[in-house]
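Comments concern the structure below.
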Amino acid sequence: MKRLLTATALSTCLVSPAFSEEFTWASTTDPQTMDPHAVSSAPVLGFLNNVYEGLVRRGRDMSIEPALAESWEPIGDGEGWRFHLRAGVTFHDGSAFDAEDVLFSYQRASSDESDVSSWFSPVSDVIVVDAMTVDILTTAPQPIFPDSIANWMMMDSGWAAANGAELPARDAENHATLNANGTGAFHLVDRQPGLSTVLEPFDGWWGEVEHNITRAEFTPIQNPATAVAALLTGEIDLINPVPIQDAARLEGNDDIQVVRGIEARVIMLGFAHDHEVLFAGADAGADNPFSDVRVRQAVGHAVNVPAILQTIMRGNAEPASQLVSPAMSGYSDANAARPELDLDAARALLADAGYADGFSFGLSCPNDRYLNDEAVCQAVVGMLAQIGLEAQLNSMPVSNYWPELRANNFDMYLLGWSPGTLDAEHPLRFLVHTNGERLGTWNFGGYSNPRIDEMLPMIQSEIDPEARQAMLDEAAATIQDDMVYVPLYVQPLLWGAGSNIDLTQRPDNFFILRWVTVN
């Protein structure tokens, strides 16, 4: 009998290990690296949550629960947090885990070479109290700090030193790029980038085993038809995502289950705010129009989000007005309206900014990162042409995409963001704050607003819910008024699996192997 499991049902599904099985799964995006501090993206962090662990972790319902720390409590009057480490934990190579590894992992993850350094922007110091106790001190009270480090993974200081991997290699390679030594439920057996990554259970794992997997192999499959065919033949046990156009057909197959949900990810358009000239298109080298808020507002009025949702997403996505979805903490109800589709208003804004005849520019887009990402960008090209903006589409694999954005090789770009804390503070810290030490690390466009920068630490430390929400409301309004980004929609979750697979789908789109049973 066919089983159609919802995300809600799966999130509460507890399974018991049955007979042992091998498991295979596929997605469009291969993790760029095995280094947990090198790239802050869901394909990397989600995959490595099976291999590495943090002091805390998220459960099936996304709540924070103990991991390598058994407990934690605030220090003094908001001075920081004390973490009591779990005894008897070993890394995959047999080395013992202790407080020195936490200190090393902080120093490594907060370094300039790290892509996750923003997680530690409020941290002033990390102190080893004893072998099993660590104090993390903060510059101000940080009530949501434990939530903010769920994906901060611990590395073995000795292993890193022995293999020349003391620092992350974000856009290069070192030993940690292709190898791993975590404490997680699975250990890395074989890594062939772009082809296959094999994991096997770690016999020395400290946790309760709930899966029955003996071997798990991940294969990146960029072609949607190939992925669906592999699922239908049983060659692959799970694919993520299911192509939207194939979901109904797969749901009619008794041997397949389609698992639906809503991801905590907003898809948006970003701009080159601080570039002096245009990078691409026929007008490359000309003054950058996107530094003018009127031009950015014109784009907001020209993009037909309802049409994207109907024709490309086939009704499976929800429109977005902010950098977080309505399900996230801190969402601003006062700023729930998104820009109206108004081509006349868009043309008037362009004329007022001095671009009545439009201009040509480059639109950068990944073609293997988000659901229907390239198709969405192609639709945007046509929509902007209606107001005289000629977008030259430059689409590429995500492995090339992030380096291009970091190198400022764009005029406008597509981005998806899932807040790791499930809170509206998260995108402020990464996407909106002025780019600097540990902050604004994914603010590729170089937007800068002193008021946003001033409010962020206050939002992080405020414990009064109403006062905190008032500041988040102000920030949301400022971002909308400045059209820092053009939020498009909240991405749906569509997984396809064999009907004999029990699993859990979380809104962060992380696939956790220790919750998988093959029946």
Side-chain angles (χ1 to χ4, degrees), residues 5-11 13 23 25-32 36 39-52 54 57-64 116 147 150-151 153 197 216 218-222 224 227 231 236-244 247 257-268 313 316-318 320 323-328 366 368-373 376 398 401-402 414-423 426-427 430 442 487-497 501 503-516:
L5 304 182
T6 65
T8 301
L10 286 166
S11 67
C13 172
F23 178 80
W25 85 107
S27 186
T28 54
T29 305
D30 192 45
Q32 284 178 253
V39 177
S40 180
S41 71
V44 172
L45 299 179
F47 186 91
L48 291 180
N49 258 260
N50 295 298
V51 177
Y52 286 96
R57 68 185 183 189
R58 293 199 179 276
R60 296 173 188 266
D61 62 354
M62 295 298 291
S63 62
I64 290 294
V116 301
D147 288 72
N151 293 319
M153 302 177 212
T197 306
F218 172 80
T219 303
I221 302 178
Q222 187 172 351
L231 178 65
I236 296 291
D237 293 310
L238 177 141
I239 63 171
N240 172 27
V242 169
I244 288 178
Q257 56 176 312
V258 175
V259 188
R260 295 178 179 268
I262 297 295
E263 192 175 356
R265 182 178 306 281
V266 171
I267 305 297
M268 65 193 79
M313 309 307 290
N316 289 284
E318 301 173 352
L323 305 187
V324 294
S325 75
M328 299 297 103
D368 63 352
R369 176 62 191 94
Y370 311 116
L371 194 60
N372 289 346
D373 43 14
V376 169
V398 73
Y401 190 61
W402 302 136
L414 188 77
L415 179 69
W417 195 257
S418 178
T421 57
L422 307 184
D423 188 274
H426 193 269
F430 280 88
W442 282 64
L488 301 177
Y489 54 88
V490 184
Q491 180 162 279
L493 288 174
L494 288 173
W495 296 3
I501 305 297
L503 50 81
T504 294
Q505 183 187 75
R506 297 194 320 196
D508 59 2
N509 201 22
F510 284 15
F511 182 64
I512 308 299
L513 279 170
R514 58 187 170 86
W515 294 328
V516 173

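- Closest approach of Leu494 to Val258, counting heavy atoms only: CD2-CG1, 4.3 Å.
- Separating the CZ atom in Phe47 from the OG atom in Ser41 is a distance of 12.5 Å, to the nearest 0.5 Å.
- Taking 4.5 Å as the limit, some side-chain heavy atom of Asn509 sits within range of a side-chain heavy atom of Trp495.
- Separation of the Tyr401 and Tyr370 ring centroids does not fall under the 6.0 Å cut-off.
- Using modelled atom types, one finds no donor on one side chain facing an acceptor on the other under 3.5 Å when comparing Asn49 with Arg58.
- In terms of heavy-atom proximity, Pro492 sits nearest to Leu371 at CG-CD2, 3.7 Å.
- Contact check for Arg260 versus Leu493: no side-chain heavy atoms found under the 4.5 Å cut-off.
- Smallest separation of non-hydrogen atoms from Gly496 and Val242: N-CG2, 3.1 Å.
- Atom CG in Asp30 sits 9.0 Å away from atom OG1 in Thr219 (nearest 0.5 Å).
- Taken from CH2 in Trp442 to CG in Leu415, the straight-line distance is 7.0 Å, to the nearest 0.5 Å.
- When atom types are taken as modelled, the side chain of Gln257 and the backbone of Ile501 share a donor-acceptor pair closer than 3.5 angstrom.
- Across all their heavy atoms, Ile236 and Ala26 have their closest contact at CG2-N, 4.0 Å.
- Distance check: Met268 CE to Leu414 CG gives 9.0 Å after rounding to the nearest 0.5 Å.
- Between Thr504 and Ile512, the closest side-chain pair of non-hydrogen atoms is not below 4.5 Å.
- The shortest heavy-atom contact between Pro31 and Phe218 is CD-CE2, 3.7 Å.
- Contact annotation: the side chain of Asn240 never approaches that of Gln505 to less than 4.5 Å [non-hydrogen atoms, C-beta and beyond].
- Counting heavy atoms from C-beta outward, Asp373 and Ile267 have side chains that stay 4.5 Å or more apart.
- Taking OG1 from Thr421 and CG from Asp147, the interatomic distance works out to 7.0 Å, rounded to the nearest 0.5 Å.
- Counting heavy atoms from C-beta on, the side chains of Ile244 and Asn372 come closer than 4.5 Å.
- You'll find the side chain of Thr28 stays beyond 4.5 Å of the side chain of Ile221, heavy atoms only.
- A pairwise comparison of heavy atoms in Arg514 and Asn50 identifies N-OD1, 4.4 Å as the closest pair.
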Item checked: Test side chain to side chain contact (heavy atoms under 4.5 Å, CB included) applied to Leu45 and Met153, step by step -> CA-CA 9 Å; Leu45 299 179; Met153 302 177 212; 3.9 Å; yes
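- Here the side chains of Glu318 and Ser325 are not in contact, with every heavy-atom distance at 4.5 Å or above.
- Relative ring orientation between Trp25 and Phe511 is described as tilted, the plane-to-plane angle lying within the 30° to 60° band.
- Here CE of Met62 is found 3.5 Å from CG of Asp508. Values are rounded to the nearest 0.5 Å.
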